[in-house]
Student: 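I have a structure here, written as C-alpha cells, and I will follow up with some questions on it.
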Amino acid sequence: MSLKDKIIISKLPEHIAVIMDGNGRWAREKGYERIFGHQNGVKAVRNVVEAAGDLGLKYLTLFAFSKENWCRPRSEIDALMDLMATTINSETETLIKNNIRLLIIGDRVRLPSRINGELNEVTEATKNNTGLTLVIALSYSSRWEITRATAKICEDIKAGKLKEINEEIFNSYLATSGIPDPELLIRTSGEFRISNFLLWQIAYAEMYFTKTLWPDFGKEDFYEAIISFQNRERRFGKTGEQSK
Ligand code: IPE
Ligand code: IPE
Ligand code: MG
C-alpha cells in the first residue's frame with residue numbers, strides 16, 4: 001500500500017515549501033562530482049511536482065538556488081545554470097500539459113540573460129494554468145526580499161501612495177504576494193536550519209526534517225511528510241482544548 005492512501009485529502013495543506021538539500025553529498029558519497037548530484041536532483045523535483053499535482057496541492061515552493069549560493073565555485077555555478085537552462089527547456093511541455101503555473105521568486109538580476117529569457121517565456125506560457133502553482137526560488141534570500149519590500153514601502157509612502165503599514169500590506173510587498181503562507185516546510189539532508197528561506201512566510205509553518213538526501217527523495221517521502229503534518233495539532237497560540 002502506498003502512503004498516499006493514508007493522506008486525508010480534505011486536510012491537505014494548501015502550500016508546501018521544500019529546501020532541496022544534499023545533492024553534493026549524494027554525489028560525493030558515490031565518488032562523483034557534485035554536479036552529478038544536481039542532475040539527479042532534477043529527477044526528485046519531477047517526482048515531487050508530479051505527486052503534488054496528483055494530490056491536488058495548490059502551491060509548491062522549491063528552493064533551487066540561494067543568493068548565498070553565488071559564493072560557490074564558479075564551475076559549480078556555471079554547471080548549475082546550464083542544468084537549469086536544459087531543465088526549463090525539457091520540462092516546459094510537461095508543465096503546460098499538466099496545467100501547472102510556474103512562478104519565479106528571487107533576485108533575478110544576477111541570473112544569466114538566457115535563463116531569464118527562458119523563464120519569462122515559461123511563466124508567460126503557463127500564467128493561465130489553474131492546477132498546481134509551482135514557485136521556484138532562484139537567487140532568492142529572505143533578507144533580500146524583506147529589505148526590498150521595506151525599500152518599496154518607503155518609496156510608496158514618500159510618493160503618497162501608501163498611508164499605513166500593517167501585516168497584510170507588508171505581505172503584499174513580498175515576492176510571494178498573493179501566495180498563502182506555507183503550512184509545511186520540508187528540508188532534506190539532515191540539516192536543521194532555514195538558510196534564509198521564507199523567514200516571514202514560515203512564521204507558523206510546521207517543520208519537517210529528514211536525513212534523506214534530495215536526489216533520493218521520492219513520492220513516498222513526500223507523502224510521509226504530509227502524513228506527519230496531518231498528525232500534528234496546530235494551535236496558533238491557543239490551548240490544546242481550544243484547538244480541538
Ligand atoms: C542543494 O544541494 C542544491 C543547491 C544548494 C543548489 P547542495 O549542493 O547544497 O548539496 P550539499 O548540501 O552540498 O550536499
Ligand atoms: C540551501 O541549501 C539553499 C538551497 C537548497 C537552494 P544550502 O546547501 O546552500 O544551505 P547551507 O549553506 O548548507 O545552509
Ligand atoms: Mg547544501
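Counting starts at 1 for both ligands and their atoms, following the listed order. Fair warning: this is a prediction, and the values are worked out from it, not measured in the lab.
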Student: Given that the side chain starts at C-beta and the backbone is N, CA, C, O, which of these parts of Glu191 lies under 4.0 Å from ligand 1, counting heavy atoms, or is it both or neither?
Tutor: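 Glu191 to ligand 1: no contact under 4.0 Å from either part.
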Student: Yes or no: does Glu68 have any heavy atom under 4.0 Å from an atom of ligand 2?
Tutor: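 Checking ligand 2 against Glu68, which is what was asked, there is no heavy-atom contact under 4.0 Å.
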Student: So if I count the atoms of ligand 1 from 1 in the order they appear, which ones are less than 4.0 Å from some heavy atom of Ala64?
Tutor: 6 (C)
Student: Indicate yes or no: does Glu155 engage Lys158 in a salt bridge with an N to O separation below 4.0 Å.
Tutor: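 So Glu155 does not pair with Lys158 through a salt bridge.
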Student: Heavy atom of His38 under 4.0 Å from ligand 1?
Tutor: yes
Student: Within a 6.0 Å radius of atom CD on Glu33, are there more than 12 heavy atoms belonging to other residues, nucleotides or ligands?
Tutor: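 Atom CD in Glu33 is not packed in, count stays at 12 or less.
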Student: Using a plain distance cutoff, I'd like to know if Gly24 has any nitrogen or oxygen under 3.5 Å from a nitrogen or oxygen of ligand 1.
Tutor: yes
Student: So which N/O/S atom does Asp21 have closest to the Mg ion (ligand 3)?
Tutor: OD1
Student: Can you find a protein heavy atom closer to atom 12 (O) of ligand 2 than 4.0 Å?
Tutor: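 There is no protein heavy atom less than 4.0 Å from atom 12 (O) of ligand 2.
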Student: Taking atom types as modelled, is there a side-chain donor on Glu233 or Ser243 under 3.5 Å from an acceptor on the other?
Tutor: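 Their side chains do not contain a donor-acceptor pair, so the 3.5 Å distance test is not met.
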Student: Tell me if the CD atom of Gln242 is crowded by more than 12 foreign heavy atoms within 6.0 Å.
Tutor: yes
Student: Assess Lys30 against Trp26: is NZ or CZ under 6.0 Å from the centre of the six-membered ring, and within 45 degrees of the ring's axis?
Tutor: yes
Student: Is it true that Arg187 lies under 4.0 Å from ligand 2, counting heavy atoms only?
Tutor: yes
Student: With heavy atoms of Asp21 as the reference, note each atom of ligand 2 found under 4.0 Å away.
Tutor: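 Result: 2 (O), 8 (O).
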Student: What I want to check is whether the side chains of Trp200 and Ser142 have a donor and an acceptor closer together than 3.5 Å.
Tutor: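 No, Ser142 and Trp200 have no side-chain donor paired with an acceptor closer than 3.5 Å.
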Student: Verify the distance criterion only: is there a donor paired with an acceptor across the side chains of Ser66 and Asn69 at less than 3.5 Å?
Tutor: yes
Student: Hey, mind stepping through Phe217 and Val18 against side chain to side chain contact (heavy atoms under 4.5 Å, CB included) and telling me if it holds?
Tutor: CA-CA 11 Å; Phe217 192 86; Val18 188; 5.6 Å; no
Student: Judging by distance only, is a nitrogen or oxygen of Asn69 under 3.5 angstrom from one on ligand 2?
Tutor: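 Yes: some nitrogen or oxygen of Asn69 is under 3.5 Å from one in ligand 2.
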Student: Starting from atom 8 (O) of ligand 1, find the nearest protein heavy-atom neighbour and note its residue, name and distance.
Tutor: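 For this ligand atom, the closest protein heavy atom is Arg72 NH1, 2.7 Å.
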Student: Taking both backbone and side chain into account, is any N, O or S atom of Glu191 nearer than 2.8 Å to the Mg ion (ligand 3)?
Tutor: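 No N, O or S atom of Glu191 is closer than 2.8 Å to the Mg ion (ligand 3), so no.
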Student: In ligand 2, which numbered atoms sit nearer than 4.0 Å to a non-hydrogen atom of Ile19?
Tutor: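 Reading through ligand 2 atom by atom, the close ones are 5 (C).
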Student: Would you say Gly22 contacts ligand 1, with heavy atoms under 4.0 Å as the rule?
Tutor: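 Under 4.0 Å: yes for Gly22.
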Student: Check this for me: Tyr32, atom OH, are more than 12 non-hydrogen atoms of other residues, nucleotides or ligands nearer than 6.0 Å?
Tutor: no
Student: Any atoms of ligand 2 less than 4.0 Å from a non-hydrogen atom of Arg193? List them with their elements.
Tutor: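 Near Arg193, the atoms of ligand 2 are 11 (P), 13 (O), 14 (O).
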Student: As a test of understanding, state which of Asp181, Leu134, Ile179 forms a side-chain contact (heavy atoms from CB on, under 4.5 Å) with Tyr59.
Tutor: Ile179
Student: With a cut-off of 4.0 Å, which atoms of ligand 2 are near a heavy atom of Phe65?
Tutor: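 Matching atoms, with element in brackets: 6 (C).
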Student: Within the structure, does Trp26 bring an N/O atom to less than 3.5 angstrom of an N/O atom in ligand 1?
Tutor: no
Student: Does ligand 2 have an atom under 4.0 Å from some heavy atom of Arg25?
Tutor: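 No, that is not the case, since the closest heavy atom of the residue is not under 4.0 Å from the ligand.
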Student: Under 3.5 Å, is there a donor on one side chain and an acceptor on the other for Thr239 and Arg235?
Tutor: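 On atom types as modelled, these side chains do not qualify, holding no pair under 3.5 Å.
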Student: Please determine if Arg114 and Asp82 form a salt bridge, counting it only when a charged side-chain N lies under 4.0 Å from a carboxylate O.
Tutor: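 Yes, this pair counts.
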Student: Could you identify the single nearest non-hydrogen protein atom to atom 1 (C) of ligand 1 and state the distance to 0.1 Å?
Tutor: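 Residue, atom and distance for the closest contact: Met20 O, 3.0 Å.
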